[in-house]
Amino acid sequence: MMGEKKQLRQVIEATLITGFSFVLVCTMLIMAHGLSFPDLLGRLIKGLYVPGYNYFGVGDIQGIPIFIPLYFFFFITPLLFFIYRFAAGRINKEMQGRLFSSQQFFLLMMCVFSVVVILQSLGHGDTFSKQFRAVRGKTTEEKYRAFFYFKEEYKFAEFVRRSLPDQARCGLRHDWNFNDPGDAGRWISLRYFLYPMDLLMTASDDLGCLLFTYSYRIPNPDVPMGYKIVVYDAKRLITLKDEDTL
Amino acid sequence: MISAFKLTWSILLPLGGGYALYRCFVRKSEFHPFAVMGLSYGLGLGVLTQWMFFLSILNIRLSIYSIILPLAGLMAAAVYLSFPQIKEMGATINDFFRNFSPSIKAGCLYQNPLSILMTCYISVILFSVFWQAFNIPAKYWDELSFIAFKAKVFFYTRSIILPADAPWSSYPLHVPLAQAWVALMIGEWDDQFIKIIFPFALLAYVGIQYAFLSFATSRKWALFGTCLLLSSNILTFHAAIGYTDIFLMYYNCTAIILMLIWVRQKDDGILLLASLFAGFATFIKLEGTAYLFLHIGVIFLLLSKNKDLLLKSKFLKFIKFLLPSTGICLSYHIYKLTSGIPASQGRFGVHFSWGQIARLSIAGSEVLKNLFWSGNWNIIWPLMVLSLIVGIHNMKRYIEIRIILYILIAFFGLFLLFCTLCSEEIWSDFSFYNTLSRIILHFFPLATIIIIFSNFYKNKEFL
C-alpha cells in the first residue's frame with residue numbers, strides 16, 4: 001500500500017513538473033516572439049507533423065526550428081525536477097545523494113514524451129480530418145481527378161482509355177525534360193494509368209496511334225499522313241490511323 | 001460487397017497458410033496469439049510470393065487456381081501434420097478471450113487508466129493507418145513508377161516478365177507480387193484495394209513486438225513499447241502508402257526478434273522461422289541482401305557466445321539458419337543473372353580512394369540530423385540514448401540490449417561504409433533527403449525495444 005502511494009506521489013510530481021516546464025518554455029517563447037498562446041500552440045501542433053513520403057520535416061516558430069524549444073523542454077524538465085527535489089530536501093533522505101532513481105527518470109521522460117505525442121497527434125488529427133472531409137463519399141476516380149498531383153495526366157489517361165482499345169500500342173510525342181521531377185512525374189503517371197496500353201517513348205510513325213502532350217498550346221501538330229486527330233484540349237491530343245475506330 | 005468478400009480472402013488465405021506452416025515449424029514453444037497471427041501473415045505472404053515467383057520461372061501462367069491449388073495441398077498437409085498443436089492453439093485463443101472478457105466486465109481494465117490510455121492511443125493510430133490505406137489510392141512516386149506499376153504488369157500479363165523499359169527491373173518482387181495477388185483475388189485492378197497488404201504488415205509487426213516485449217517484460221511495458229513504436233510519423237505514414245519499406249522493416253525486425261527469442265527458448269523451429277524471415281527480407285529490396293549478412297553475423301555471434309553447445313551442434317544450427325535464408329536470397333539473384341536482368345542497376349558500385357574518407361563526416365552528420373533533428377522519429381532516438389546512459393546496469397542483465405545495440409551499430413556502420421566506398425557516380429546522385437529516412441526505418445523499431453529493456457525492472461511495475 002505504501003509502495004503504491006509512493007508511486008502515485010512520484011507520478012503526480014513528474015506530471016506537475018513536466019506541466020510546469022512546458023508552461024515555462026511556452027512563456028519564454030511567447031515573450032521572445034510576441035505570440036499569443038493559441039497561436040504558439042497552433043504552430044507547435046502544425047510544426048510537429050509536416051508529412052512527406054521521404055522525410056517528415058519540422059516547422060519553425062518565426063525562423064527558429066521547433067526542435068530548439070523541444071530539446072530545451074527535454075533537458076530543462078529533469079533539471080527542474082532536480083531543483084524541486086533538492087528544495088524539498090528529498091535527495092539525501094531517499095536517494096543516498098543520487099539525483100533521481102532510474103524509475104523517476106523514466107517517469108519524467110515518459111511525461112515529456114507524452115507532451116510531444118499529444119502535440120504531434122493533434123497535428124496528425126488535423127491532417128487526418130482534412131483528408132477525411134476531402135475524400136468522404138468519393139470514388140477512386142473522383143479522388144484522382146480532384147486531388148492527385150498529376151490530375152491532368154490522369155484525366156488525359158482516362159480520355160485516351162475511352163478513345164482507344166485496351167491493348168493499343170501508342171507512341172508519345174512530348175516536350176518533357178526528364179531531369180525535371182515534374183515532367184518525370186507526368187510521364188510515370190501517364191504510363192501507370194494507361195497500362196495495359198503500351199506507351200512507347202519512341203514515337204515511330206508505324207504505330208497505330210500517337211499521343212501528343214505539350215506544356216504549351218499545340219499550334220499545328222506534326223501529324224503523319226493517314227492519321228486523324230482526336231483533340232483532348234489545346235495541349236494534348238491523340239492521332240490515330242484512319243482504319244482504327246474510336 | 002463481393003469485392004470486400006474477396007479482399008478479405010486475399011488476406012485470410014496467406015494468413016491461414018502461414019499459420020499452418022508456422023505450426024509445422026514451432027512445435028515446442030508457445031507464443032502470444034498476437035505474435036502467432038503476426039508471424040503467420042508474414043510467413044504466408046512470403047511463401048505465397050515465392051511460389052508465384054517459382055511458377056513464373058517455370059512459365060506457368062499466374063492465376064488463382066495455379067497459385068492456390070498447390071498451396072492449398074501444402075496447407076492441408078501442414079494442418080494434418082500439426083493438428084495437435086492447432087487444437088492447442090484453439091484452446092489458447094479460447095483462454096485468451098475467456099480471461100479477457102470477464103476482466104472487462106469486472107472493470108479490471110478501468111483500474112489501469114494508463115493501460116487504457118495507451119490502448120486507446122494504439123487503436124486510434126492503427127485506425128488512422130487503416131483508414132488512409134483504404135481511402136487514399138496509390139499516388140506516390142515509387143508506387144506509380146515501379147512498385148504498383150510492376151504489380152499491374154504482373155496482373156495483366158500473368159507473368160513476371162517486365163517490359164524492356166521498365167524502371168528498377170533489378171528490384172526484388174515481393175511487394176509487386178503480393179499486390180498482384182490481391183488484384184487476382186478480387187478479379188480486377190483496383191488502385192485502392194491493392195494497398196490492403198501494407199497496414200496489415202504494420203499490424204502484424206505491432207503484434208509481434210508487443211508479444212515479444214510482453215513475454216520479456218510485462219503487459220504495461222509492452223503497451224508502452226508499442227506506443228513508442230507508433231509515435232513515429234514516418235512509420236505510420238509508410239504503413240498507409242504502397243512503398244516497400246514497411247515490409248522490409250517488418251521482415252528484418254521480426255527476423256531479429258525471432259533470433260532473440262531463440263536465445264531464450266532454444267527452439268530450433270524459431271531459428272528456422274528467423275531464417276525464413278531474413279530470407280524473405282532479401283526479396284523485398286536490394287538492401288535486404290546486405291541485411292542478410294548482418295543477420296548471419298548476429299547468429300554467428302549468438303552461437304559463439306553460447307557455452308552450452310558443442311562445436312558440431314553450433315555448426316549445424318548455423319547451417320540451419322544459413323540454408324533457407326541464403327537459398328531464398330540466391331534464387332532471385334540467380335534468376336536475374338540467367339534472365340539478363342542487371343544485378344543492381346549501378347546502385348552498388350564500389351570504388352575506393354583516400355579522398356572518399358571525407359564523405360564519412362557528411363554522411364555521419366546527415367544521419368545525426370535525421371535521427372535528432374527531423375520529424376520522422378518523434379523523440380525516440382534521444383530517449384534511447386538517455387535510456388542507455390541511465391539504464392547502463394541493465395545492459396549487463398539483458399543480452400537483448402547488447403545484441404540490438406551491436407545490430408544498430410553494425411547497421412549504421414554498414415551505411416557509412418556504403419557511403420564511403422560507393423563510386424563517385426552513385427555518391428553524386430545519392431540523395432540523403434530521399435533515401436536516408438526510409439533506410440533508418442528498416443531498423444527503427446529496435447530503438448524502441450532498447451528503451452523498454454533499458455528501463456525495465458523485473459520487480460518494479462511503473463504505475
Side-chain angles (χ1 to χ4, degrees), chain A residues 7-8 11 47-59 65-67 70-71 74 78 100 102-103 105-107 109-110 112-114 116-117 120-121 123-125 128 131-132 135-136 138 140-141 143-144 147-150 166 181 184-185 187-189 191-193 195-196 198 200-201, chain B residues 121 124-125 128 131-132 135-146 148-149 152-153 156-157 163 165 167 190-192 224 227-228 231 233-234 236-238 241 243 370 372-376 378-379 382-383 386-387 390-391 393-394 431 433-438 455 457 460-463:
Chain A
Q7 268 190 347
L8 191 66
V11 173
L48 282 171
Y49 193 83
V50 186
Y53 58 91
N54 285 324
Y55 186 88
F56 270 67
V58 276
I66 280 177
F67 267 106
L70 196 72
Y71 276 121
F74 193 78
F100 339 91
S102 309
Q103 199 183 15
F105 166 80
F106 180 68
L107 272 175
M109 285 300 106
M110 212 175 130
V112 173
F113 170 74
S114 306
V116 181
V117 160
Q120 183 189 285
S121 301
H124 190 172
F128 178 80
Q131 276 182 340
F132 182 78
V135 304
R136 189 177 46 187
K138 287 192 169 65
T140 306
E141 291 75 21
K143 286 172 198 168
Y144 275 126
F147 311 109
F148 183 45
Y149 192 75
F150 299 109
D166 270 355
W187 155 242
I188 62 166
S189 307
R191 189 189 52 185
Y192 175 82
F193 290 117
Y195 197 86
D198 217 353
L200 304 172
M201 290 298 276
Chain B
Y121 175 70
V124 167
I125 295 288
S128 78
W131 183 87
Q132 279 175 320
N135 285 282
I136 314 285
K139 64 169 187 170
Y140 292 101
W141 191 280
D142 284 6
E143 290 179 279
L144 301 188
S145 104
F146 69 98
F149 177 70
K152 206 170 181 180
V153 173
Y156 282 106
T157 61
D165 62 341
D190 188 300
D191 293 308
Q192 208 155 269
F224 185 58
C227 289
L228 290 173
S231 71
N233 285 330
I234 203 154
T236 51
F237 189 82
H238 270 260
I241 65 171
Y243 274 38
N370 198 303
F372 298 100
W373 207 258
S374 74
N376 293 330
N378 201 304
I379 51 168
L383 266 183
L386 277 177
S387 299
V390 174
H393 48 281
N394 271 6
S431 160
Y433 180 84
N434 286 340
T435 51
L436 186 55
S437 310
R438 292 196 274 138
N455 290 289
Y457 293 85
K460 285 184 185 173
E461 272 285 339
F462 74 91
L463 278 185

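At a 4.5 Å heavy-atom cutoff, the contact between Phe149(B) and chain A is made by backbone and side-chain atoms alike. Both the backbone and the side chain of Val153(B) come within contact range of chain A, with heavy atoms under 4.5 Å apart. Looking at Ile66(A), there are no atoms closer than 4.5 Å to chain B (heavy atoms on both sides), in backbone or side chain. For a residue to count as touching a neighbouring chain, one of its non-hydrogen atoms must lie under 4.5 Å from one of that chain's; by this rule Ile125(B) touches chain A with the side chain only. The parts of Leu383(B) that come within reach of chain A are both its backbone and its side chain, each placing non-hydrogen atoms under 4.5 angstrom from that chain. Residue contact with chain B, scored on non-hydrogen atoms closer than 4.5 Å, is absent for Ser114(A). Of the two parts of Tyr144(A), only the side chain, counted from C-beta on, holds a non-hydrogen atom closer than 4.5 Å to a non-hydrogen atom of chain B. With a 4.5 Å cut-off on non-hydrogen atoms, Val50(A) does not touch chain B at all. Using a 4.5 Å cut-off between heavy atoms, Phe74(A) touches chain B through its side chain atoms alone. In this structure, chain B has a heavy atom under 4.5 Å from the side chain of Gln120(A), while its backbone stays farther away. Heavy atoms closer than 4.5 Å to chain B are found nowhere in Arg136(A), neither backbone nor side chain.
Among all heavy-atom pairs drawn from Pro65(A) and Trp373(B), the shortest one is CB-CZ2, 4.0 Å. Listed here is the closest heavy atom pair of Gly375(B) and Phe67(A): N-CE1, 4.2 Å. Pairing each heavy atom of Tyr192(A) with each of Ala138(B), the nearest pair is OH-CB, 4.3 Å. For the residue pair Cys227(B) and Phe113(A), the shortest heavy atom distance occurs at O-CZ, 4.2 Å.
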Taking it one step at a time, do Lys143(A) and Gln192(B) satisfy side chain to side chain contact (heavy atoms under 4.5 Å, CB included)?
CA-CA 11 Å; Lys143(A) 286 172 198 168; Gln192(B) 208 155 269; 3.0 Å; yes
Give the intermediate values and the outcome of side chain to side chain contact (heavy atoms under 4.5 Å, CB included) for residues Trp131(B) and Gln131(A).
CA-CA 10 Å; Trp131(B) 183 87; Gln131(A) 276 182 340; 4.1 Å; yes
Go through the steps for Val390(B) and Phe106(A) under the test side chain to side chain contact (heavy atoms under 4.5 Å, CB included), then give the verdict.
CA-CA 9 Å; Val390(B) 174; Phe106(A) 180 68; over 6 Å; no
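Chosen from Leu436(B), Ile241(B), Val124(B), Leu228(B), the residue pairing most often with chain A at heavy-atom distances under 4.5 Å is Leu228(B). Comparing Ser231(B), Ser437(B), Pro137(B) by how many heavy-atom pairs each has under 4.5 Å with chain A, the most go to Pro137(B). Comparing Asn370(B), Ile136(B), Ile379(B), Asn378(B) by how many heavy-atom pairs each has under 4.5 Å with chain A, the most go to Asn378(B). With chain B as partner, the option from Tyr149(A), Phe132(A), Trp187(A), Phe147(A) having the largest number of non-hydrogen pairs under 4.5 angstrom is Phe132(A).
Relative orientation of the Phe237(B) and Phe56(A) rings is perpendicular, given thresholds of 30° and 60° on the angle between their planes. Using bins of under 30°, 30° to 60° and over 60° for the plane-to-plane angle, the ring pair Tyr55(A)/Tyr433(B) lands in the tilted bin.
The backbone N or O of Phe372(B) lies less than 3.5 Å from a partner atom in the side chain of Tyr71(A), making a donor-acceptor pair. Between the side chain of Asn233(B) and the main chain of Gly57(A), no donor-acceptor pair closer than 3.5 Å is present.
In this structure, the side chains of Pro167(B) and Arg191(A) come closer than 4.5 Å at one or more pairs of heavy atoms.
In terms of the side-chain contact (heavy atoms from CB on, under 4.5 Å) criterion, residue partners of Ser189(A) (sequence neighbours excluded) are, by chain and number, Phe148(A), Phe150(A), Glu153(A), Phe193(A), Leu144(B). Judged as a salt bridge (Lys or Arg N to Asp or Glu O under 4.0 Å), and not counting sequence neighbours, the contacts of Arg438(B) are Asp142(B), Asp245(B).
Put simply, CE on Met110(A) and CG on Asn455(B) are 10.5 Å apart, with the number rounded to the nearest 0.5 Å. For the atom pair Lys139(B) NZ and Thr140(A) OG1, the distance stands at 13.0 Å (nearest 0.5 Å).
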